[in-house]
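Some notes on the structure that comes next.
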Amino acid sequence: MDRVIITLGDFLKNAGIVGMKYLLDISEAEEDSDYGITSDEQGIWLDRDFALHADWTDLYFNACVKYFGKNTVYQGVLDRIERCLTKIREDKWNPGREEKDDLKFITEKLLSNSYQNGFNIIKEKVENPEVYLELKKNKLSDKFESDILRKRLEELQQFLTQPLCRETFIMKSIIYNYINRFWDGKCFLLRANAKKDMRAVFEKDFSEPFHKYLEGEHKKAKDTCIDCGNGITGKEKVSIAFMKEMADDLTRKRSAFWNCQVDAFLCPVCAFVYALSPLGFQMYANKFVFMNLNENISVLVDVNGKKRGNGLKEKGEEENYTVWFARILNKVLSDKVKELNNVQVILRGTRAEDNYMFSIIGRDALQILKQEKVQKALKYLEQHPYVKLSNEFVNVHESVVMNILQYHKQYSLLNQILKESLGNTGVIPTAYWVFVVQLCTSIEKRMEVNVGSISEELEQSQQGIEEKLSKAKEGIFMSRIKMRDAGYKLRKEILLAKKAENDECMRGTIYQLLNALSVRNEGKFMDIVIRLYSSTKLPMADGFVYMLGNKEKFSEYGYSFILGLKGSYTDSKDSKSEDTKQSQDESGEEN
């Protein structure tokens, strides 16, 4: 069997290979006959006869529509049409703000420049094009009588759900919201082609060169593909510059190449694979995510949620980001990839100005994210992600996760949230869970350093070592949490002495403590604490002794103590403060 082999490469080519596998899996192609994974799992193979006769344009468009379709403006338009129709049919149509916004959304999106260009391409090929033309002349309005509006919406619904309309409008959304985040300046993303048939230009720029390259002989070719190394002739060369952030305009900027001779060209096969890269990324909220595990194709496809029938499905509508992330990480840490020391994660925002973000997740970061307490914290932060800091809303959940992945400490973020709590006690639960993540991170790193000595001490099985480590981690965690209780007891005494109902009388003091912590000024911090205790009959907590002379412990004990001063504490049967009740209401469980 004559085969075309496509091997692993950089992260974008790998994403393209994942996209290729997805494209073939959802098609009528036969796995292990028309395509498959090489025996060494370092590439994907295509039967040459299949590749020569396959309609790659049709396969590409079908894959894009199926993968991205539910997240496009087109689907949003259909959802709003159905919502409006349901209200009219159930005699619940009472135009208010929501109804007006729905009608405005339907009209504006369908009459956008890209959709109008798409309509002009297919208007001679679809039924009832006058429905769209009527929309251009007479826009939808909440002033219409319900019967007239119902008729207009039903006509639009029938028009839009025609297969050609569906594909055209979905692809217009995909092109300008997803594909152009990865490549541009070519095919239907070349400005001169904006009003041309999308399938025709894709066939001309990608599918046809793909077919012709497979048919040709390249033994005497003078140039080689920069990716696969196969020979290419002058007419077959494809500039890699069409991929964003891969190269500058090679026709203008040649100084980076030896003797100004540009050699950064792809063969048509690799160019087609790169064009598939958007299909390899998974999309969550406002981020494209790709895990570049290039150990083998199976793992690469598996962890990026594109393997058919393996139980690792893409993120469902009811599944939050944290659950998905934990599921992916569990797969990464499975027996299949236990030999991996790190994982490369590539993120790209959905905005046009966003660039690629690269993170190398080491096994230590993966172990932190797997911890039960960290998962519990991330679950809360995912449900309540935004906090207003310095007049700007910050996604704390995302910030915490990125801090873990980039090996940054959470203290700076925690300090900002605690300062915000001086005027907004509602953010105390958020501050607590950020502290939990930081504390678990510190403990995990500390255990890694000490694991050697613990192993020698035990001289037992791995299970015994893990049990010992688990108990040690829990002991360290609880010793820090006790400082929070000490802070809460001091809070109660001070408020009782001042006959105050809230901590406004301590704002200045807490602010000074936070400043001392942020610069790790032990002397100033202890001076303030001693003055606080001197106004009560309470003895100082033992933790203040342990924190001196150790910068990490100083931060851990210090922030725990301040959390207590701000009203966060371990629940007891004797009493519950208003702050704790508020924390429970927001988080659904005790701090």
Legend entry - Lys172: salt bridge (charged side-chain N to carboxylate O under 4.0 Å, His left out) partners, not counting sequence neighbours: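 Lys172 satisfies salt bridge (charged side-chain N to carboxylate O under 4.0 Å, His left out) with no other residue.
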Legend entry - Residues in salt bridge (charged side-chain N to carboxylate O under 4.0 Å, His left out) contact with Lys92, at least two apart in sequence or another chain: Glu90
If you measure only the distance, is there a donor-acceptor pair under 3.5 Å linking the side chains of [X] and [Y]?
X	Y	result
Thr233	Glu236	yes
Asp58	Asn62	yes
Gln157	Glu82	yes
Tyr60	Ser207	no
Tyr274	Asp10	yes
Asn230	Tyr213	no
Asn120	Gln116	no

Legend entry - Phe290/Phe281 aromatic ring centres below 6.0 Å: yes
Legend entry - Sub-6.0 Å ring centroid separation between Trp56 and Phe272: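 Distance test on ring centres: under 6.0 Å, yes.
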Hey, what do you get for [atom1] ([X]) to [atom2] ([Y]), rounding to the nearest 0.5 Å?
X	Y	atom1	atom2	value
Phe119	Leu135	CZ	CG	10.0 Å
Leu190	Asn193	CG	CG	4.5 Å
Gln42	Ile6	CD	CD1	14.5 Å
His53	Asp34	NE2	CG	12.0 Å
Cys267	His218	SG	NE2	8.5 Å
Asp32	Ile37	CG	CD1	9.0 Å

Would you indicate whether [X], at its atom [atom1], is surrounded by more than 12 heavy atoms from other residues, nucleotides or ligands within a distance under 6.0 Å?
X	atom1	result
Asn113	CG	no
Asp40	CG	yes
Glu41	CD	yes

Legend entry - Phe206 six-ring centre to Lys186 NZ/CZ under 6.0 Å and within 45° of normal: yes
Legend entry - Aromatic Phe61 / basic Arg199 pairing, under 6.0 angstrom, 45° off normal: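 The answer is yes; both the distance and angle limits are met.
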Please check if the side chain of [X] supplies one atom and the backbone of [Y] the other of a donor-acceptor pair under 3.5 Å.
X	Y	result
Ser27	Ala29	yes
Thr72	Gly69	yes
Lys13	Thr7	yes
Glu99	Cys84	no
Asp302	Ser298	no
His408	Val400	no
Tyr74	Met171	no

Legend entry - Option among Phe182, Tyr356, Phe11 that satisfies the ring pair (Phe, Tyr, Trp, His ring centres under 6.0 Å) test with Phe288: Phe182
Inset, instruction - Step by step, work out the side chain to side chain donor-acceptor pair (under 3.5 Å) result for Tyr178 and Ser173. - result: CA-CA 8 Å; Tyr178 301 121; Ser173 293; over 6 Å; no
Taking only Lys NZ, Arg NE, NH1 and NH2, and the carboxylate oxygens of Asp or Glu, determine whether [X] and [Y] approach each other closer than 4.0 Å.
X	Y	result
Glu154	Arg150	yes
Lys139	Glu134	no
Arg48	Glu215	no

Legend entry - Minimum heavy-atom distance Pro209-Pro268, with the two atoms named: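 That would be O-CB, 3.5 Å.
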Inset, instruction - Just jot down the side chain to side chain donor-acceptor pair (under 3.5 Å) partners of Glu203, sequence neighbours excluded, or say none. - result: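 Glu203: side chain to side chain donor-acceptor pair (under 3.5 Å) contacts with Thr57.
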Inset, instruction - Check each of Ile170, Ile122, Asn128, Val131 against Cys165 using the side-chain contact (heavy atoms from CB on, under 4.5 Å) test, and report the only one that passes. - result: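 That would be Ile122.
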Legend entry - Member of Lys87, Arg97, Arg83 meeting the side chain to side chain donor-acceptor pair (under 3.5 Å) criterion with Asp102: Arg83
